[in-house]
Protein chains: 2
Amino acid sequence: MKPTDTKTQILDVAQDLIQRLGANGMSYKDISEAVGIRKASVHTHFPKKDDLLMALLERYSDRFRRVVDSILATDESPETKLRRYCGLYEANLSSSSQDKACLCGMVGAELATLNQPLAEQVCAFYQDNEARLTMMLLEGQQTGDFRFAGEPEALAAVVFASLQGGLLIARAYGGAQKFQSEIEQLMRLVKN
Amino acid sequence: MKPTDTKTQILDVAQDLIQRLGANGMSYKDISEAVGIRKASVHTHFPKKDDLLMALLERYSDRFRRVVDSILATDESPETKLRRYCGLYEANLSSSSQDKACLCGMVGAELATLNQPLAEQVCAFYQDNEARLTMMLLEGQQTGDFRFAGEPEALAAVVFASLQGGLLIARAYGGAQKFQSEIEQLMRLVKN
DNA sequence: GTCTATAGCGCGATAGAC
DNA sequence: GTCTATCGCGCTATAGAC
């Protein structure tokens, strides 16, 4: 296990804070204390808060896209793929993660307080994920594993909104258990 | 049209700001400028920010509950009732509302930065609305207007999460049009 | 109930020593 | 790359005149 460099530690801590408190609820002070360095040192790595946010959103989107694509590339059943996709969100509610939302779901709520490049990143994440969900649903429809009313794109939008909204709501009450039952219900809807 | 008193103006302006920017993205300065009085005068009506937030959440929850109950009390079809419920959220995206989220959806994202009584209010709003959605779905199931897999409670949670999440996402891209097509997809899912 | 004025704090950000 | 020190600003909140 090689030691994590400071820049990565900052990103890790900042992401955790934003997923729990929001970008407007997190400060350089919070980061510095969690990492164990001084505020000024955080500015060395990310001069402006917008620099930090952009780096975070890019890292998060890239990682997420890679994981999702690896799920899509397997030869597992459409249902298993969809379940594994949903599991990416569910992981944020596990006991060790302390009720986090999706980074882009959280920042999306604060969208009107962000500059344009950041807003575009969030927007791209949404479109990206809806497109990949559409592919999953379409594949399942073609194999006959899924059967549902309406177009795959429209259902993908509903599923994506359910996952993002469900995470935010499950943090308030119900937790991981409620979120899991929501995923089960989504699976029922997709299989008709 | 009798003139609105200052306290009500403050609540109206603050609610609008929070639905667009979040509770952490709004300040007493923003309110005072929008109302046309000084910051100190806002503190006269709501000494602490938590006082203002609590008053806002209570007013919002009460109004919302009243409207929903009036929808439930009509003798319209289950589908019409559900559509009118969804319309309450859709109204936030109309051209005159400038892309607002649900007040409780927005504040729910910032839940971890709030004190406990406020968090409980948000939580109660969620439970309240899921319960009423459950009633709508159950009624439709009994009349035969709705046909869906799973329990009404589980589907209600999915519908509620879709609406809350869908609002946040539609603000980022797609707008009212995308949200409307999401509602249509929800209706298809509910009718089987 | 509104105002001016200000306290007190935390924020993002920068300068400059080591 | 980290530190100390500090700047300037915006925030919540309060005191006291009108």
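Every chain is numbered from 1 and lettered A, B, ... according to where its sequence line falls, protein lines coming before strand lines. Quick caveat: nothing in here was measured; it's all calculated off a predicted structure.
We find that Glu184(A) and Arg83(A) are joined by a salt bridge, their nearest charged nitrogen and carboxylate oxygen being less than 4.0 Å apart. Between Asp62(B) and Arg66(B), no side-chain nitrogen of the basic residue sits less than 4.0 Å from a carboxylate oxygen of the acidic one, so the salt-bridge criterion is not met. Between Glu33(A) and Lys29(A), at least one side-chain nitrogen of the basic residue sits less than 4.0 Å from a carboxylate oxygen of the acidic one, meeting the salt-bridge criterion. Comment: Asp69(A) does not engage Arg65(A) in a salt bridge, judged by the lack of any side-chain N to carboxylate O separation of less than 4.0 angstrom.
A 4.5 Å side-chain heavy-atom check between Glu153(B) and Glu130(B) finds every atom pair outside the cut-off.
Note on the helix from dG1(C)-dC18(D) to dC18(C)-dG1(D): angle between the axes of the first and last five pairs equals 0°, rounded to 10 degrees.
If you check residues 35-48 of chain A against DNA chain D, the residues with a heavy atom closer than 4.0 Å are Ile37(A), Arg38(A), Ala40(A), Ser41(A), Thr44(A), His45(A), listed by number. Contacts between residues 10-30 of chain A and DNA chain D, defined by a heavy-atom separation below 4.0 Å, involve no residue at all.
Look at CG on Asp5(B): it is 15 Å from C1' on dT2(C), rounded to the nearest Å. Taking atom CD1 of residue Ile31(B) and atom P of nucleotide dA13(D), one finds them 11 Å apart after rounding to whole Å. A straight line from NZ of Lys49(B) to P of dC9(C) spans 19 Å, rounded to a whole angstrom. One interatomic measurement links the two molecules: NZ of Lys7(B) to P of dT2(C), which rounds to 11 Å at whole-angstrom precision.
Applying the ring-ring contact (aromatic ring centres under 6.0 Å, His included) rule to Phe179(B) yields no partners; only residues at least two apart in sequence or on another chain are considered. The ring-ring contact (aromatic ring centres under 6.0 Å, His included) check on His45(A) picks up nothing, with sequence neighbours excluded.
For Arg38(A), the CZ atom sits in a loose shell: 12 or fewer heavy atoms of surrounding residues, nucleotides or ligands are nearer than 6.0 Å. Counting heavy-atom neighbours within 6.0 Å of Gln98(B) CD, excluding the residue itself, gives a total of 12 or less.
For residues 52-101 of chain B, the pairs satisfying ring-ring contact (aromatic ring centres under 6.0 Å, His included) are Tyr60(B)-Phe64(B), Tyr60(B)-Phe125(B), Phe64(B)-Tyr89(B), Phe64(B)-Phe125(B), Tyr85(B)-Tyr89(B), with sequence neighbours left out.
Taking only side-chain nitrogens and oxygens, Thr6(A) comes nearer than 4.0 Å to OP1 or OP2 of dT2(D).
Looking only at atom types and distance, the side chain of Asn24(B) has a donor-acceptor partner in the side chain of Thr113(B) under 3.5 Å away.
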